[in-house]
Amino acid sequence: MRKIQLEKVRNIGIIAHIDAGKTTTTERVLYFTGKTYKIGEVDQGTATMDWMVQEQERGITITAACTTCTWRDISINIIDTPGHVDFTVEVERSLKVLDGAVVVFCGVGGVEPQSETVWRQADRYNVPRIGFVNKLDRVGADFLGAIDQMHKKLGANAAAIQIPYFLNEKFCGMIDLISGKLILYKDETGLELDILDAPAELHDEVKSAHDRMLERIADVDEKIMDSFAHGREISVQELKDAIRRTVIANKFVPVLCGSSLRNIGIQPVLDAVCDYLPSPHELPPIKGTNPETGEYEEIAASDKAPFCALCFKVATDPYVGKINFIRIYSGTLKSGDTVYNASKRTKERTTKLLRMHANRQEIIETAHTGDIVAAVGLKETKTGDTLCTEADPLLIEAIHFPEPVIQQAIEPKTKIDQERLGMALHKLSEEDPSFRVTYNHETGETIISGMGQLHLEIAIDRIMREFNVEAGVGSPQVAYRETITRRVSSTGKFIQQSGGRGQYGHAVIEMEPQEIPGTGITFEDKIKSGAIPREYIPSVKEGIFGAAKSGCLAGYPVTDVKVTLIDGSFHEVDSSEMAFQMAGSLAFNEGLKKGNPILLEPVMDMEIIVPEEFMGTVIGDLNSRRAKITSLTTRANVRVIRCYVPLAEIFNYATVLRSLTQGRASYTMEPSYYAEVPSNIADKIISGFTSQGAARRSF
């Protein structure tokens with residue numbers, strides 16, 4: 001029997017741009033809900049949610065951390081996510097399993113680049129949101145300006161449900177536009193506050209903000225529209241009900257204000273989470289496909305429904321080993337239960353269930369619908385796998401993970417380190433799907449790939465500290481890609497006779513560039529009248545995908561090519577799966593050479609915040625780095641440069657920017673798209689690759 005009813009459960013994430021105050025906000029939430037007795041500070045390395053050594057040293061969040069607290073008898077499961085773009089995969093997989101999110105914005109910075117990224121991620125998973133404009137105690141903070149940016153940059157139907165209150169130019173509370181009351185904070189702890197009538201001198205400002213809020217809600221809610229149009233008075237409860245309806249339907253975003261560092265505005269955010277964000281049973285049933293029939297099915301959020309859960313994160317604990325974080329969508333799970341992994345088609349047994357509080361563990365016997373818990377004992381289960389019952393299998397849509405854009409060679413220093421390195425890389429790639437490990441047979445190097453320099457820095461630091469590996473690392477390299485630019489057809493024939501049974505495989509394919517960049521390699525079977533038996537077609541596909549791992553120009557992976565199998569032939573005796581795999585590989589390699597191949601490079605979306613007097617110098621430097629400037633805007637007393645720039649041109653850009661601006665500028669960037677490398681630069685990359693090959697052959 002569950003202790004907390006499903007209606008009183010909230011699964012939320014705290015998401016934002018780097019340094020907007022996510023972890024600081026989460027620390028205050030834990031303190032005010034009584035989960036912790038002392039407020040942890042990010043700058044001092046004492047934050048509860050930033051428990052990794054690397055997080056405490058750098059003052060940033062690296063991995064998403066889970067915790068549970070209670071407010072107004074409602075149980076709130078919180079995931080605090082990173083803001084740095086290198087760890088965007090943590091946001092991606094967290095939003096996949098959450099029912100709502102608090103999006104934190106900096107009162108000075110407003111909607112920053114990573115704010116847009118996390119907003120798009122929340123859009124992808126249709127996650128209801130509330131906004132929280134933080135840092136309103138800082139000089140240059142603009143609450144209404146931040147909301148205006150939400151309209152323009154995010155396309156959000158957002159409106160303030162509070163406005164900040166300043167006393168002698170000091171931020172000390174907010175006026176609630178729903179009740180019309182002033183919430184005044186009396187001391188620095190944030191525990192003592194007064195609820196007063198709004199000051200009469202602010203009547204016009206409050207009424208104007210209240211009307212703007214009503215207009216935004218009326219645009220998407222018929223009941224409020226009807227009352228608003230007929231001039232009927234709308235009660236506080238009617239307004240709260242309307243906000244809840246429109247937030248759950250993802251039609252409206254209420255925006256609150258505060259300063260987490262000064263302990264102002266946290267209680268109203270908790271109230272808003274309870275009042276406006278949905279419980280698991282208020283969302284549509286979880287959808288998936290039956291792995292046996294391939295048909296779509298739904299399971300309602302109920303303890304009585306068949307068990308269904310998604311593993312969204314894997315972590316390694318030094319004491320209990322591998323831990324799988326799972327979100328339970330339906331049914332219940334007990335410690336010791338056997339579950340069915342629908343993704344791997346295998347059975348697994350849970351030996352222990354844990355409720356996590358950052359890195360601290362609480363052993364529980366039973367987990368219910370809506371719970372986010374950690375399971376111990378699942379050996380085969382990885383991120384994105386669906387767990388269910390064998391009698392009622394359901395396969396939930398997998399999580400989308402971005403492709404790495406940067407890579408680095410790593411090699412162990414001793415034989416013992418070699419064994420440890422293999423184990424470390426396996427565990428890290430299991431934990432983080434955006435961290436990839438490959439072996440380059442041409443160079444004999446182990447290559448690690450990630451989302452950015454910081455991502456690989458943290459991974460290497462963990463390899464050396466956690467796994468005690470002594471290793472040498474190469475300098476970071478750009479993860480180039482290869483593709484074709486025109487449609488071609490090609491043939492692959494693999495014939496081998498060596499006495500006895502031979503080998504025969506013959507495949508004809510068409511290759512063309514993908515219409516939508518970023519689609520990757522796709523395979524379509526258009527074989528007619530049994531030219532190739534059905535059992536050999538998967539082998540042709542396997543051969544094509546294997547060949548796509550290394551292109552013909554400089555050995556980089558091939559992407560954005562549509563491959564169609566149109567013809568072929570077979571031999572009654574000599575044909576085999578291996579022969580058709582080789583035929584597919586030969587056909588793909590031939591088509592690649594005929595398709596006018598080109599090199600692609602990752603292009604970054606970059607935002608630079610720079611004082612006016614250094615803007616010309618910075619723009620001149622960017623132009624020398626093949627940057628394409630898209631906008632120049634003013635924010636408070638600084639200029640904001642938005643541009644697209646190739647990743648190859650901005651390694652160690654932080655040092656360059658500091659020297660150009662006396663350390664007064666800052667920048668953020670994220671991968672945007674792949675573009676063709678200019679021919680003069682591509683020639684250098686290709687000649688470098690061929691000269692390396694020649695050196696190895698002569699050696």
Side-chain angles (χ1 to χ4, degrees), residues 16-20 83-86 88 105-106 108-120 140 142 145-146 148-155 402-403 405-406 451-454 476 478-481 516-518 598-682 684-685:
H17 181 89
I18 188 170
D19 205 30
H84 201 287
V85 67
D86 283 21
T88 189
F105 299 95
C106 173
V108 179
V111 177
E112 297 169 283
Q114 191 65 6
S115 308
E116 296 180 50
T117 303
V118 298
W119 194 271
R120 288 195 302 269
D142 184 358
D148 190 50
Q149 287 185 39
M150 291 174 69
H151 298 153
K152 291 176 180 176
K153 292 186 177 182
L154 307 177
E403 285 295 313
V405 296
I406 191 170
M451 299 304 298
Q453 281 179 274
L454 181 62
V478 176
Y480 291 104
R481 295 286 184 267
I516 304 170
I598 58 169
L599 269 184
L600 300 175
E601 64 181 347
V603 177
M604 312 300 280
D605 182 359
M606 181 185 258
E607 183 180 87
I608 304 166
I609 300 169
V610 58
E612 178 83 45
E613 61 264 35
F614 299 109
M615 191 175 73
T617 308
V618 171
I619 289 176
D621 179 70
L622 287 171
N623 288 332
S624 71
R625 297 172 185 275
R626 299 192 282 133
K628 187 187 295 179
I629 294 169
T630 56
S631 70
L632 294 170
T633 55
T634 303
R635 184 185 296 167
N637 58 345
V638 294
R639 299 301 296 270
V640 180
I641 304 168
R642 197 79 183 260
C643 63
Y644 292 112
V645 59
L647 176 61
E649 301 288 345
I650 48 171
F651 279 124
N652 299 316
Y653 186 68
T655 307
V656 174
L657 189 63
R658 277 198 294 269
S659 65
L660 290 174
T661 62
Q662 298 173 11
R664 293 173 60 194
S666 63
Y667 76 97
T668 56
M669 65 179 182
E670 63 178 21
S672 183
Y673 60 91
Y674 270 84
E676 183 178 353
V677 179
S679 56
N680 61 320
I681 297 172
K684 290 179 185 176
I685 297 168

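Tyr480 contributes atom OH, which lies 8.0 Å from atom CG of Leu647 (distance to the nearest 0.5 angstrom). For the atom pair CD1 (Ile641) and CD (Glu607), the distance works out to 10.0 Å, reported to the nearest 0.5 Å. Summarising the geometry, atom OG1 belonging to Thr117 is positioned 4.5 Å from atom CZ belonging to Arg120; distances are rounded to the nearest 0.5 Å. With rounding to the nearest 0.5 Å, the separation of CG in Asp19 from SG in Cys106 is 7.5 Å. Ile681 contributes atom CD1, which lies 11.0 Å from atom CG of Leu599 (distance to the nearest 0.5 angstrom). Rounding to the nearest 0.5 angstrom, the gap separating the CE atom in Met606 from the OH atom in Tyr644 is 13.0 Å.
Of the options Met150, Gln149, His17, a side chain to side chain contact (heavy atoms under 4.5 Å, CB included) to Phe105 is made by Met150 and by none of the others.
Looking at Phe651 and Ile406, their side chains come closer than 4.5 Å, going by heavy atoms from C-beta outward. Residues Pro671 and Met604 have side chains in contact (heavy-atom distance under 4.5 Å, counting atoms from C-beta outward). Using a 4.5 Å cut-off on side-chain heavy atoms (C-beta onward), Leu657 and Tyr667 make contact. With a 4.5 Å cut-off on side-chain heavy atoms, Asp142 and Val108 do not count as touching.
Smallest separation of non-hydrogen atoms from Leu632 and Met615: CD2-SD, 4.4 Å. Here the shortest heavy-atom pairing between Ala675 and Val603 reads CB-CG2, 3.8 Å. Annotation for Pro602 and Val478: closest pair CD-CG1, 3.4 Å, computed over non-hydrogen atoms. In terms of heavy-atom proximity, Cys643 sits nearest to Leu622 at SG-CD1, 4.2 Å. Taking every heavy atom of both residues into account, Met451 and Val405 meet most closely at O-CG2, 3.6 Å. Listed here is the closest heavy atom pair of Gly110 and Ser115: O-OG, 4.2 Å.
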Evaluation steps, side-chain contact (heavy atoms from CB on, under 4.5 Å), between Val677 and Leu600: CA-CA 5 Å; Val677 179; Leu600 300 175; 5.7 Å; no
side-chain contact (heavy atoms from CB on, under 4.5 Å) assessment of Met669 paired with Tyr653: CA-CA 11 Å; Met669 65 179 182; Tyr653 186 68; over 6 Å; no
May I have the step-by-step check of side-chain contact (heavy atoms from CB on, under 4.5 Å) for Val640 and Thr634, ending in yes or no? CA-CA 6 Å; Val640 180; Thr634 303; over 6 Å; no
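For the side chain to side chain donor-acceptor pair (under 3.5 Å) condition, the pairs that include at least one residue of residues 608-630, sequence neighbours left out, are Glu601-Arg626, Glu612-Arg639, Glu613-Arg664, Asp621-Arg625, Arg626-Glu649.
Asp605 meets the salt bridge (Lys or Arg N to Asp or Glu O under 4.0 Å) test with Arg642; sequence neighbours excluded. Scored by the ring pair (Phe, Tyr, Trp, His ring centres under 6.0 Å) test, Tyr674 finds no partners at all (sequence neighbours excluded).
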